[in-house]
Each structure stands twice: as structure tokens, then as C-alpha cells.
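All values below were derived from every heavy atom in this structure, side-chain atoms included, with hydrogens, water molecules and symmetry-related copies excluded. Note that ligands are numbered from 1 as they come in the structure, with each ligand's atoms numbered from 1 the same way.
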Amino acid sequence: MVLNPVIPKLSSKLIVLASASPRRLEILRNAGLRFEVVPSWFKETLDKGLFKAPHEYAVETAKQKALEVARRMPFKHLKTPDIVIGADTIVTVDGTILEKPVDKRDAYRMLSSLSGKEHSVFTGVAIVICHEKEKVDYQLIDFYEETKVKFADLSEDMLWEYINSGEPMDKAGGYGIQALGGMLVEYVHGDFFNVVGFPLNHFCKQLDLIYNHSTSSLDQQNASDCLSLHNSSPSPRPNSLSTSQTHHIQQSSSCSPVRKVGKGSQSEVGESSWRLLNSLSAHTSRESELQDETLPQLTNRGQMTDLGVTQHEPSEPKKEDLQQITELMDGFKASKALFTASKLCVFDLLQSRPGLDATQVAQEIKASLKGTECLLQACVSLGLLKSKERTCKKPVYENTDLATRFLVSGSPFALHGYIQHCNDIVWPLFSHLESAVREGTNQHEKAFGKKSKDIFQDTYYNSQEVKLRFMNAMHSIARVTGKAVASAFDLSSYKTACDLGGCTGAMAYEFTKAHPGLSVTVFDLPAVVEMSEHFQPLHTDNRVSFVAGDFFKDELPKADLYILARILHDWPDEKVHILLSKIADACTTGCGLLLSEIFLDEDRRGPSRGLLQALSMSEGKQRSATEYSLLLKSHGFITAHVTHTDNLLDAMLCIKV
Ligand SMILES: C[S@@+](CC[C@H](N)C(=O)[O-])C[C@H]1O[C@@H](n2cnc3c(N)ncnc32)[C@H](O)[C@@H]1O
């Protein structure tokens, strides 16, 4: 087994799979590789027409997926991976590339084009090796594998039975060879795993080449690559990797989708190309962001020895490390300054009257001059306000674009309501965080002087004022996130939807805007529905209606799509099962369930927004996409698509089978 000798060398490395495909995950796990899963946010929208051959498209997509994760992690996850693996599988038949079907009709189109014919399955793989010094450098190895598959003649009945099983939806070419789709296949020529989604054998050969055929450690090797490549034009890879196969080392500053690949048969290891991608460096400090990206990076070669890094005096703390730690220590001060300025309506005031000085602002918000000056200056430092100095006069203030967009209460994306909720509810809970951690219980009694079993009924809807504030908070977040969630999937086959716990209807309105054929019933507690008319948008074509009820107890409105946006994280598994079984009972086969939440990374190391929110949660918990998928699967829903919307919420579309 080629992979085995490599594994010990990889055990200390942070290896990341930039793919949410459970099949790839299983293939690599079964091979004994230890890795984290961080699904790529790269959208598979490259123009296929730009590529001379289909495999070039798959390789480029794999590369962009892996690079997106490699570049995101140092910022979003605050850690740099050692290796990121990206992959993309496509099916080609008669010169057409087939990816994942978007709906049943698309699945039918794909499968009928494969019926009775031989087709090719290509998986492009990219291995990105990251080197973190003052900034992060990347090396890229990419390759692809082709497998030929022949389908039997498929009758209409067979086709539809397979489509209705739900299996085709998240698979390239619309079939899964490892499950029911295996019954459609007459023969396979080449690597079977390649058809499942990952060419394991070719990948192992690549790892072997990288880690076992090096004459020195990879780090050392990479360091010398960095130096030589920074100063030279494209050159062959140094001896350790220059076997009889062809390797291309290029100093590449372009992400051009059309690129040269070594000549050779599809399964030859020599197909891979090596590149040092300086221009794609992720910078770890603000100053380095400002550097000319084309300048060569200085690598202190003197620090490297045969054993790796030499012993040296404890170095001065790095500026960016200090910055990171102080930002964490001061984070609560920044939040509270934002909450206070928002509560005192500073941003609304400066929107209607830009150019006021501190004395005028203090008068208007009825606060002390000293305190107001400090608050305004802090807001300038946080990028929320701009100040203009006037000769011999006091500075005057106005909103930045960020404040105008999100902090002015009348703006379409105003987060004013949510900020007040953070100030009035989340902040007191976090001030008892130590007790929450010690006791493992919610701190409602300490924070608000009363126990809470059901946070909605016992805390949020206890008084009209608190209820409206909570609804305002939900409304503002839904308006910011709603469009991305509503347009994440093709929902054209659904006519009626029910937004369970849809609150003010803000999310429902986004769904009707994004899908002209869809009507949405918002189902929420009576206390909420009675106030919903206060939040209706001015122009509405009445495709949103409201029904009052309790989704744990009452009958759910009939619909062919159910929406659960930011609902399940509030509840423990027992309650989630009660709700899901009610939804499953209301659904017929083919009904959809759209779930929108923050999905935790599978290794639970991020995103920190979700993990921090979990600290103040009472009954509920945050979950990963796989955990949600499994909960839904136990009620007969299979996951068709998962998407990270690049917004505050992720989304998953599941189908009842
Ligand atoms: C966190 S909010 C999410 C609101 C909305 N889905 C969104 O994304 O903006 C949870 C919603 O669930 C509703 N809810 C809580 N318990 C409920 C129950 N037993 N029956 C119906 N709705 C409920 C709340 O009133 C609230 O509107």
C-alpha cells in the first residue's frame, strides 16, 4: 500500500478537505488519512467554454475550491492548514459536461443522455501546500483521473424510479455508482473510486511522490523552492521530485482558468503541475495587505537547518500576533461602544444632520460632553464615524458608509433591532458566562431575575416591549440574510411554502420576491402573529399570509416546501425530533424542507460566530451540516444540497423520500 508510509509523515500536519461530499470524506477516512472538513465556498461557475478539454475544467474548479479554503482559514478560522485538498468530479458524454442536477427534470435530462452509452468520469484534484512565514505561500499540485463507465439501456420507468429515489440530486451526472445507481452500470474501466468522487490510487501516488521521494524534509524542500522560484523564471522541480515523469514548476501570478498541463495519459503521475502561487498569498497583517503583491517575499533561509528550525532566542512578539490578541481582549469594549452609540441614536442623528460637533451631538442625545466626545472618537477608530478637523474649531462627525448601511434605523439593511437585542438580552447573559460554563446551565435567572424553560414564551414574549424588541431583532437579521437564503436553491417546482417560526414574515417576503410562483404561509406563536402587521413591507402582493399556532402541538399548514430558518438551533434533539416528525407527517414524497442555520464546521473548530453564540444558548445547540442531515434523515428527508451563502446563514435543501 503506497499510502501507508506517508501517513506518519502527515500525522502532525493540519490536513483539510475542501469538500462537503460525504463520499470523498469516507474514501479518505477509510484510507486512514486524518483531516478536517472545511467545505469550500467557491461557486462552481467557471465558464466551461474557456477550457480546451473537460478535465481542465474539473482541475481548475478543484484548484479554486482548495485555494479558497486555504486563503479563508487564516482569517476565518485563525489557523493556517498545512495541506488543503480540493476535488471536482464531472461526467462527460458526447462532448457535454454534466455536473449535479438542479432538479428532477435536469436529472432526467442527464440520465437519459447516459442511457445505453459509454461516458467518462473525470475527477480533478488539487493539493495545496501552505507555508506560513510572514505571509502564507502556496504550492499547488494538481492532477486528474479519467474512468470510463457504460450504462445499460434505461427504460422510462427505471429512470423515474431512480430519480424519485432522490439519489441523483447531489451527484455529478445524476447518479451514485456506490448505491442504487450501481444497478444502472454495465461496466467500469478504470478507478472505481474516481467515479464515486475521489481517485484514491492516483492521490496516494502523488502523496508518495511528495513525501517519500524527497531527499530532504518537505519543509526544507519547500523553503528552497521558495527561494529559487522567487528569483527565477519557470524551472524544473529540483531533483527530489524530478523523476522520469514530467513536472512543471511555474511561478504563476494568474488564476487563468486556461492553463497548460503536462502531456501524458490520464492516469500518469506526470500529469501534475507544481506551482508557487505568490500572487495568491493570504496576508496575515493589515500592513502586508498593503504591500505590492508582486514583490518577492523575503525568506530567511538562515533559520532553516537539516532538522527544521534552529534554536534561537525567544523572538519579539510579532506585530500581527499582538494585534490579534488585543483585538480579542478589547472586543467587548468595541461591541459595547457600538451598542451604546446605536441605543443613543447617534447614527440616526448624524444621518439626518451630518457635520455636528461633539457639543451639538451631546445636546441632542442628552449626554455629557466628555462622554460623548469619547464615544464619538471611539466610533471613529472603529470605522463607524468619520471626523473632519476644521481649523481652530472642534472636529465634526458624520457616518461612514458602513454605519449608513447597517446602523441607521431606517436603512433597508438596518441591524439596529438586532443590536438592541444584543445589548439588552445577549450582553446580560454573557456577563454571567463564567457561571454558565461552571454550571453548564442557562443564566436567565441571574440575568433577568426569572427562570426560563421556553425562552420565547418565558422571556421574549412576557412583555409587549420585550416582544417587539425581539421581533425587531429577528426582522433586521432576516432582512439582511433573507435574500441569500431565499435564492440559494432552485425552488421552481414548489408552489406553496410554510415558514415555521417565520416571525415577522421578513424571510417569507424574500422567498416570494425570489420565487414569483411561490406563496408562503408564516406559522408562528399567536403572540407574534398578532403583531406581524406592524412589520409588513409597503408593497406586497399578498403571497404571504400568517397562521398562529404552536409548532410542537398544533396541526401544521399544508405546503410542499417547509422552511426552518434559525429554528432548530434553539432546541435540544428531543424537541427537534418532535418538530421534524410533525413536518414529516405533513409532507408527501417529494416535499422539500429548507433549513437555514449557521453550520458548524465538521470538526467544530469554527465558525466562531456559531460557537460564540452557543455559549449563551439555553436549551438548544449549534450543529454541523452533517448533524442536521442525520436528524433530518431519521425523519425520511435526504439532503439534496448544502450551501454556504457567504452571508450570516448557511442553508440546506432536503427532500422527503
Ligand atoms: C430565532 S427566531 C427565527 C425567526 C425567523 N425564522 C428568522 O429566521 O428570522 C425563532 C422563531 O420561532 C418562533 N417560535 C418559537 N417557538 C415556537 C412554537 N412553539 N411554535 C411556533 N413558533 C415558535 C418564535 O416566535 C420566533 O419567531
Side-chain angles (χ1 to χ4, degrees), residues 413-415 417-418 421-422 425-426 429 452-464 466-486 488 497-512 520-532 534-535 537 544 546-557 559 561-572 574-583 586 593-599 609-610 613-614 616-623 645 647-652:
F413 296 118
L415 285 170
Y418 186 69
H421 171 74
C422 290
I425 303 285
V426 185
L429 287 173
S452 159
K453 266 185 79 191
D454 178 324
I455 188 165
F456 296 99
Q457 321 252 23
D458 302 336
T459 307
Y460 296 149
Y461 304 152
N462 229 335
S463 87
Q464 197 74 346
V466 179
K467 179 172 76 181
L468 275 175
R469 211 166 46 212
F470 175 75
M471 288 179 73
N472 239 316
M474 296 304 105
H475 193 71
S476 60
I477 279 282
R479 282 210 307 193
V480 172
T481 55
K483 187 171 175 194
V485 173
C498 175
D499 187 5
L500 294 164
C503 205
T504 65
M507 189 68 93
Y509 290 114
E510 291 299 338
F511 272 81
T512 53
V520 185
T521 306
V522 175
F523 185 84
D524 210 304
L525 293 166
V528 172
V529 171
E530 72 185 20
M531 300 306 290
S532 62
H534 296 279
F535 295 89
V544 175
F546 288 82
V547 171
D550 182 329
F551 53 43
F552 292 121
K553 297 184 188 142
D554 299 326
E555 193 181 332
L556 305 182
L561 174 72
Y562 287 88
I563 301 164
L564 284 173
R566 295 190 300 138
I567 300 296
L568 297 190
H569 74 267
D570 278 325
W571 306 104
E574 310 85 81
K575 287 240 170 161
V576 167
H577 281 301
I578 295 173
L579 177 53
L580 291 181
S581 80
K582 285 186 70 88
I583 300 173
L593 200 166
L594 193 152
L595 178 73
S596 185
E597 294 282 354
I598 300 170
F599 296 152
R609 215 179 151 260
Q613 191 179 336
S616 70
M617 276 164 49
S618 39
E619 280 198 87
K621 61 177 181 182
Q622 301 284 9
R623 300 171 176 92
T645 62
N647 203 305
L648 299 179
L649 287 176
D650 306 313
M652 174 185 281

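A donor-acceptor contact shorter than 3.5 Å links the side chain of E597 to the backbone of I567. Side-chain N or O atoms of S476 include one that pairs as donor or acceptor with a backbone N or O of Y418 at under 3.5 Å.
The parts of L525 lying near ligand 1 are both backbone and side chain, judged by heavy-atom distances below 4.0 Å. Of all the heavy atoms of D570, the ones lying under 4.0 Å from any atom of ligand 1 belong exclusively to the side chain. Under 4.0 Å from ligand 1, not a single heavy atom of Y460 appears. Contacts between I567 and ligand 1 below 4.0 angstrom, taking non-hydrogen atoms only, involve the side chain exclusively.
For E555, the CD atom sits in a loose shell: 12 or fewer heavy atoms of surrounding residues, nucleotides or ligands are nearer than 6.0 Å. Atom NZ of K483 sits in a sparse spot, with 12 or fewer heavy atoms from other residues, nucleotides or ligands closer than 6.0 Å.
For the pairing with F523, the side chain to side chain contact (heavy atoms under 4.5 Å, CB included) check across L556, D550, I563, D499 returns one residue only, L556.
Below 4.0 Å from some heavy atom of A565 lie the following atoms of ligand 1, by number and element: 3 (C), 5 (C), 6 (N), 7 (C), 8 (O).
At the shortest separation from atom 15 (C) of ligand 1 among protein heavy atoms lies F456 CD1, 3.4 Å. Closest to atom 5 (C) of ligand 1, if we only count protein heavy atoms, is G501 O, 3.3 Å. D550 OD1, 2.9 Å is the protein heavy atom nearest to atom 19 (N) of ligand 1. Among all non-hydrogen protein atoms, the one lying nearest atom 24 (C) of ligand 1 is Y461 OH, 3.2 Å. With hydrogens left out, the protein atom closest to atom 13 (C) of ligand 1 is D524 OD1, 3.3 Å, a heavy atom. Scanning the protein for heavy atoms near atom 17 (C) of ligand 1, the closest one is F551 CZ, 3.4 Å. When only non-hydrogen protein atoms are considered, atom 2 (S) of ligand 1 lies nearest to M474 SD, 3.6 Å.
Nearest heavy atoms, M507 versus G482: SD-CA, 3.4 Å.
Side-chain contact check for F456 versus D570: some heavy-atom pair is nearer than 4.5 Å.
Backbone and side-chain nitrogen or oxygen atoms of R566 are examined, and one is located within less than 3.5 angstrom of a nitrogen or oxygen of ligand 1.
The ring of Y460 has its center closer than 6.0 angstrom to the ring center of H421.
At least one heavy atom of G549 sits less than 4.0 Å from an atom of ligand 1.
The side-chain tip of K582 does not point at the ring of F551 from less than 6.0 angstrom away and within 45° of straight on.
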